[in-house]
Every structure is written in C-alpha cells, then in structure tokens.
There are 2 protein chains.
Amino acid sequence: MLSKKTKYALHALTHLGQKEERTPVQIQEISEAYGISHKFLENILLELKKAGILGSKKGKGGGYYLIKEPKDIPLSKIIRLLDGPIALVPCASLNYYETCVECKDEATCGIHKVMIKVRDEMLKTLDNKNLEDILKE
Amino acid sequence: MLSKKTKYALHALTHLGQKEERTPVQIQEISEAYGISHKFLENILLELKKAGILGSKKGKGGGYYLIKEPKDIPLSKIIRLLDGPIALVPCASLNYYETCVECKDEATCGIHKVMIKVRDEMLKTLDNKNLEDILKE
DNA sequence: TATAAAACCTATAAAAAAAGTAGGGTAAGT
DNA sequence: ACTTACCCTACTTTTTTTATAGGTTTTATA
C-alpha cells in the first residue's frame with residue numbers, strides 16, 4: 001500500500017493539475033481541501049519541487065505550481081520519490097538495489113528471478129499511468 | 001516492498017517445494033537454512049497452515065509439508081495472507097476494502113479509478129506467478 | 001522601507017507497524 | 001512416561017511513518 005505521503009502527493013498534484021492556469025497555489029488551500037496537516041504537506045511539496053515536478057514562488061501571493069505536463073508525470077515517478085522502490089524485494093530493485101541478507105546466491109535464487117519479472121510488469125503498469133490519466137477520470 | 005514475514009514465507013515454501021517427498025520438515029531446518037528466528041518462522045508457518053497451504057504433523061518426526069501443488073500457490077495468495085492488500089490504496093482493494101478518509105467522493109475520484117486499473121494489472125501479474133515458477137528457476 | 005505573507009529548512013517527537021521474544025499448552029511418536 | 005515439535009497468546013523491542021515545532025529567507029505591497 002502507498003504511504004499517506006504518496007497519497008497526499010497524488011491529491012496535491014491532482015489539485016494543481018485541475019487548475020486551468022499554472023499560477024501559484026498556497027499550501028494552505030491544498031491542506032484544507034484534503035484535511036492534510038499543513039506542515040506535513042509542506043515537506044511533501046518540497047520534495048516534489050526538488051524532483052523537478054513542481055515550481056514554487058516565495059513571498060506574498062506565492063505557492064506551488066506544476067512545471068511539468070501531467071502526461072509527463074508517471075505514477076512510477078511519484079511513488080519512487082515518496083515511497084521508495086517499486087520492486088517487491090530489494091534485490092530486484094532498479095533504483096534502490098540491495099542484496100537480500102537471507103539469500104545465499106542471487107544467481108540461483110528463484111525468488112530473485114521471479115521478482116525481477118514481477119518488477120518489470122509492475123513498472124510497465126506504473127510507467128504507463130500518469131497524472132493526466134487521473135485528471136481525465 | 002514485501003515484509004520480512006512474506007519473504008520468509010517464500011523462502012520456506014521454496015524450501016519445502018524443493019524436497020522430492022512431502023515428508024514433514026522441522027521448523028529448525030528451515031530457520032537455520034535461512035537465518036530466520038525460530039519463533040518468528042513458527043508464526044509464519046502456522047499462518048500458512050491455517051490458510052490451507054501447508055499441513056503439519058506433531059510429535060517426534062513431525063514438521064510442516066506442502067499440501068498444495070506449487071502451481072496452485074500464486075504469489076497473490078501468499079502476499080495477501082502475510083502482507084495484506086495488493087492494491088495501492090484501501091479504496092481499490094478487493095479483499096481489504098476501506099474508504100479513503102481524505103477522499104470526498106469515490107465516484108468522481110480520478111485517483112480511485114486509476115488505482116482500480118493498477119490493481120487489476122498487478123493482480124494479473126501476481127495471480128499468474130506461482131511457487132512452481134520460483135522452483136523452476 | 002517596514003510589514004506581512006508565504007515558501008524553505010532542520011530537528012525532534014509521537015504514533016503505528018513490523019519484527020522478534022517468551023513461555024507455556026497440546027498432540028504424537030518411541 | 002518421556003521427548004519432540006507443533007500450537008497459541010501475549011508481550012517487548014525496533015523500525016518506519018506521521019506529525020510537530022520553530023526558526024530563516026524571500027517577495028509583494030502599503
């Protein structure tokens with residue numbers, strides 16, 4: 001399951017994507033709309049900004065806005081950013097690879113091989129769905 | 001990512017599946033083979049038994065053994081049993097459905113609709129891979 | 001240029017979940 | 001009878017997630 005962080009990110013991005021114009025939206029507007037703690041959301045939006053998904057403007061009248069086209073923001077990117085790996089086991093992760101401690105030999109581990117396939121299929125699904133798909137629904 | 005519980009379950013099932021015969025295997029043999037705490041593994045095997053995947057025999061010479069064909073044990077079943085929902089959000093879960101608190105109206109929620117599709121695709125992947133696939137690799 | 005508004009940043013605390021531990025009960029084989 | 005090993009419940013520790021706190025910096029505007 002997704003963490004609240006990721007879910008909140010999806011709501012925030014959806015909210016920003018629904019606006020006709022890409023003018024700055026304040027944290028408070030979003031936090032109130034979905035009942036998210038202001039400060040918690042702040043951290044999330046900051047991460048989205050650092051990842052190049054959002055832009056921001058400081059000072060009065062400032063806020064956050066999308067700097068990418070919704071169709072160019074796949075679910076995989078959002079999930080990886082806030083939740084971490086897509087793969088089900090560390091040894092099958094592309095971006096967060098780690099050896100599995102209880103595994104003796106990756107080369108002969110059936111779990112490893114199957115999980116690589118699972119990861120590929122999941123990735124196909126999550127790369128293929130983006131913010132635009134959410135907005136269209 | 002999968003919990004250690006689920007990973008341990010996969011290792012245990014693989015171990016049991018690799019045996020030629022379906023004679024009882026003691027917890028200790030499995031816990032030592034993978035460096036899993038005896039007691040922790042005990043709980044896991046018990047759950048697998050209650051789910052009808054394993055059988056057990058008490059007393060001397062007892063232990064656990066597979067009572068299902070590896071091809072009839074899909075990953076989805078193991079994951080659901082030990083980790084819970086396959087879906088990424090509670091409102092998209094078949095077996096563990098819950099409404100999402102921050103969501104006003106499921107019927108118009110784009111996230112919900114996209115997540116249903118994601119769940120369907122993930123389920124297809126995980127229903128389609130089973131213990132036999134792990135053993136064959 | 002002072003003031004207020006809003007993002008930015010770092011650290012810490014609280015809560016929840018996962019992982020592991022303990023200890024005894026129960027059934028079955030020898 | 002005795003031992004082995006599953007069965008069951010409760011508890012503790014650790015880790016992760018969620019949330020809070022408090023200050024700094026930037027910008028609009030009066």
Side-chain angles (χ1 to χ4, degrees), chain A residues 1-9 11-12 16 23-32 34-51 53-67 79 81-85 88-90 96 98 100-102, chain B residues 1-12 16 23-32 34-67 79 81-85 88-90 96 98 100-102:
Chain A
M1 300 272 273
L2 298 179
S3 65
K4 285 194 176 182
K5 232 173 166 174
T6 303
K7 279 168 70 179
Y8 291 166
H11 281 293
L16 294 174
T23 48
V25 174
Q26 294 155 31
I27 295 173
Q28 191 158 346
E29 176 178 323
I30 301 170
S31 73
E32 282 177 359
Y34 302 94
I36 306 171
S37 139
H38 180 104
K39 282 288 190 178
F40 194 46
L41 183 59
E42 198 174 326
N43 289 324
I44 295 165
L45 296 177
L46 216 42
E47 284 196 69
L48 289 169
K49 188 206 160 173
K50 285 178 186 161
I53 294 168
L54 297 182
S56 68
K57 189 162 176 270
K58 282 186 175 184
K60 195 167 186 179
Y64 289 93
Y65 49 91
L66 278 180
I67 55 173
I79 293 174
L81 187 65
L82 296 151
D83 254 14
L88 296 181
V89 288
Y96 300 84
E98 274 180 51
C100 292
V101 276
E102 74 280 4
Chain B
M1 301 271 274
L2 298 179
S3 66
K4 287 194 176 183
K5 232 173 166 172
T6 303
K7 280 168 70 181
Y8 291 165
L10 288 173
H11 281 294
L16 294 176
T23 48
V25 174
Q26 294 157 30
I27 294 174
Q28 190 159 345
E29 176 178 324
I30 301 170
S31 74
E32 283 178 0
Y34 302 95
I36 307 168
S37 138
H38 181 104
K39 281 289 192 178
F40 195 43
L41 182 60
E42 199 173 324
N43 287 325
I44 295 165
L45 296 178
L46 216 42
E47 284 197 69
L48 290 169
K49 188 204 159 170
K50 283 179 189 161
I53 294 168
L54 298 182
S56 68
K57 188 158 177 273
K58 284 187 176 180
K60 195 168 186 181
Y64 289 93
Y65 49 91
L66 280 178
I67 56 173
I79 293 174
L81 187 65
L82 295 151
D83 255 15
L88 296 181
V89 288
Y96 299 83
E98 272 179 52
C100 292
V101 277
E102 73 281 3

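Computation of the quantities below employed the complete heavy-atom set of this structure, encompassing side-chain atoms and omitting hydrogens, waters and symmetry-equivalent molecules. Note on naming: letters A, B, ... go to the chains in the order of the sequence lines (proteins, then strands), and numbering restarts at 1 for each one. No experiment lies behind these values; they were computed from the predicted model shown.
Residues of residues 1-8 of chain B that place a heavy atom closer than 4.0 Å to DNA chain C, in numerical order, are B:Ser3, B:Lys4, B:Lys5, B:Tyr8.
In this view, B:Gln26 satisfies the side-chain hydrogen bond (donor to acceptor under 3.5 Å, both in side chains) rule with no residue, not counting sequence neighbours. In this structure, the side-chain contact (heavy atoms from CB on, under 4.5 Å) partners of B:Leu41, at least two apart in sequence or on a different chain, are B:Ala12, B:Ile27, B:Ile30, B:Ser31, B:Ile36, B:Leu45. For the salt bridge (Lys or Arg N to Asp or Glu O under 4.0 Å) test, residues two or more places apart in sequence or in another chain that qualify with A:Lys5 are A:Glu47. Annotation: side-chain hydrogen bond (donor to acceptor under 3.5 Å, both in side chains) contacts of B:Ser3 (sequence neighbours excluded): B:Thr6, B:Asp83. For A:Tyr96, there are no ring pair (Phe, Tyr, Trp, His ring centres under 6.0 Å) partners at least two apart in sequence or on another chain. Partners of A:Glu29 by side-chain contact (heavy atoms from CB on, under 4.5 Å), not counting sequence neighbours, listed by chain and number: A:His15, A:Lys19, A:Val25. The side-chain hydrogen bond (donor to acceptor under 3.5 Å, both in side chains) search around B:Lys49 returns B:Ser56, not counting sequence neighbours. Not counting sequence neighbours, B:Lys58 has no partner by the salt bridge (Lys or Arg N to Asp or Glu O under 4.0 Å) test. By the side-chain contact (heavy atoms from CB on, under 4.5 Å) test, A:Pro24 is found to be paired with A:Lys57, A:Tyr65, residues two or more places apart in sequence or in another chain being considered.
Considering only heavy atoms from C-beta on, A:Pro90 comes within 4.5 Å of B:Lys7 through its side chain.
Between B:Ser56 and D:dA5 there is no side-chain polar atom (N or O) within less than 4.0 angstrom of OP1 or OP2. Contact between the side-chain N/O atoms of A:Ser37 and the OP1/OP2 oxygens of D:dT20 is found at a separation under 4.0 Å. Remark: B:Tyr65 is not in phosphate contact with D:dC6, judged by side-chain N or O atoms under 4.0 Å from OP1 or OP2.
When all heavy atoms of B:Tyr64 and B:Leu16 are compared, the closest pair comes out as O-CD2, 3.5 Å.
As rounded to whole Å, 18 Å separates atom P of C:dA13 from atom CZ of A:Phe40. Atom NZ of B:Lys49 and atom P of C:dT26 are 15 Å apart (whole Å). The nearest whole Å value for the distance from the CG atom in B:Leu54 to the P atom in D:dA5 is 17 Å. A straight line from OH of B:Tyr64 to P of C:dA28 spans 14 Å, rounded to a whole angstrom. As a whole-Å value, the separation of A:Gln28 CD from C:dA4 C1' is 14 Å.
Considering only the side chain of B:Gln26, D:dA5 comes nearest among C:dT21, D:dA5, C:dA6. Closest to the side chain of B:Ile27, out of C:dT21, D:dC6, C:dC8, is D:dC6.
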Contact state string [nucleotides 22-30 of chain D, B base, S sugar-phosphate only, - no protein heavy atom under 4.0 Å]: BB--BBS--
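Direction change of the helix axis from one end of the helix from C:dT1-D:dA30 to C:dT30-D:dA1 to the other is 10°, with five pairs defining each end axis (rounded to 10°).
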